[in-house]
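Since the structure comes first, as structure tokens, the remarks are kept for the end.
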Amino acid sequence: GKTVVCKCQTTVNGTSNATTLTMTLPVTAREAQTGAGFGVGNDNGATLTTPVRIDLSSTTVATFYTTAGAAGWTGSGGKGVYFILTYEAA
């Protein structure tokens, strides 16, 4: 079929002043999805105690949040996520 399994570990070393974190999907998704998956993460150099929420904010971009309620990232320090995301390709 058209199932995509994306396993990824990202880290941003040094200072990241962005309060957002996104990734271009390796394969175009069939549709955008809120709450498409969850992962683990680091924010401002510290391990998060809540799951990272993953949205397919468009058919080509995944957006990561520090909580299931879509909280943003700290605008300093390092950040990163580790996840396995399964979605349907276009």
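Residues Thr3 and Thr86 meet the side-chain proximity criterion, which asks for heavy atoms closer than 4.5 Å. At a threshold of 4.5 Å between non-hydrogen side-chain atoms, the residues Val5 and Ile84 count as touching.
Residues satisfying the side-chain contact (heavy atoms from CB on, under 4.5 Å) criterion with Ala89, sequence neighbours excluded, are Lys2, Val4, Val27. The ring-ring contact (aromatic ring centres under 6.0 Å, His included) check on Phe83 picks up Phe64, with sequence neighbours excluded. Among residues two or more places apart in sequence or in another chain, the side-chain contact (heavy atoms from CB on, under 4.5 Å) test is passed with Pro26 by Cys6, Met23, Tyr87. Remark: Asp43 engages no residue in a salt bridge (charged side-chain N to carboxylate O under 4.0 Å, His left out) (not counting sequence neighbours). For Thr47, the side-chain contact (heavy atoms from CB on, under 4.5 Å) partners two or more places apart in sequence, or in a different chain, are Asn42.
Looking at every heavy atom in both residues, Ala62 comes nearest to Leu56 through CB-CD2, 4.3 Å.
Applying the ring-ring contact (aromatic ring centres under 6.0 Å, His included) test to residues at least two apart or on different chains, none of the pairs has a partner in residues 28-56. Residue pairs that meet the side-chain hydrogen bond (donor to acceptor under 3.5 Å, both in side chains) test with at least one member in residues 17-36, sequence neighbours left out, are Arg30-Glu88. Applying the side-chain hydrogen bond (donor to acceptor under 3.5 Å, both in side chains) test to residues at least two apart or on different chains, the pairs with a partner in residues 52-61 are Arg53-Asp55, Ser57-Thr63, Ser58-Thr60.
A donor-acceptor pair is defined here as one N or O able to donate and one able to accept, closer than 3.5 Å; such a pair exists between the side chain of Thr67 and the backbone of Gly69. A donor-acceptor pair under 3.5 Å is formed between the side chain of Thr66 and the backbone N or O of Gly72.
Clustering ILVMFWY residues whenever any of their side-chain heavy atoms sit less than 4.5 angstrom apart, transitively, puts Tyr65 in a cluster other than the one holding Val81.
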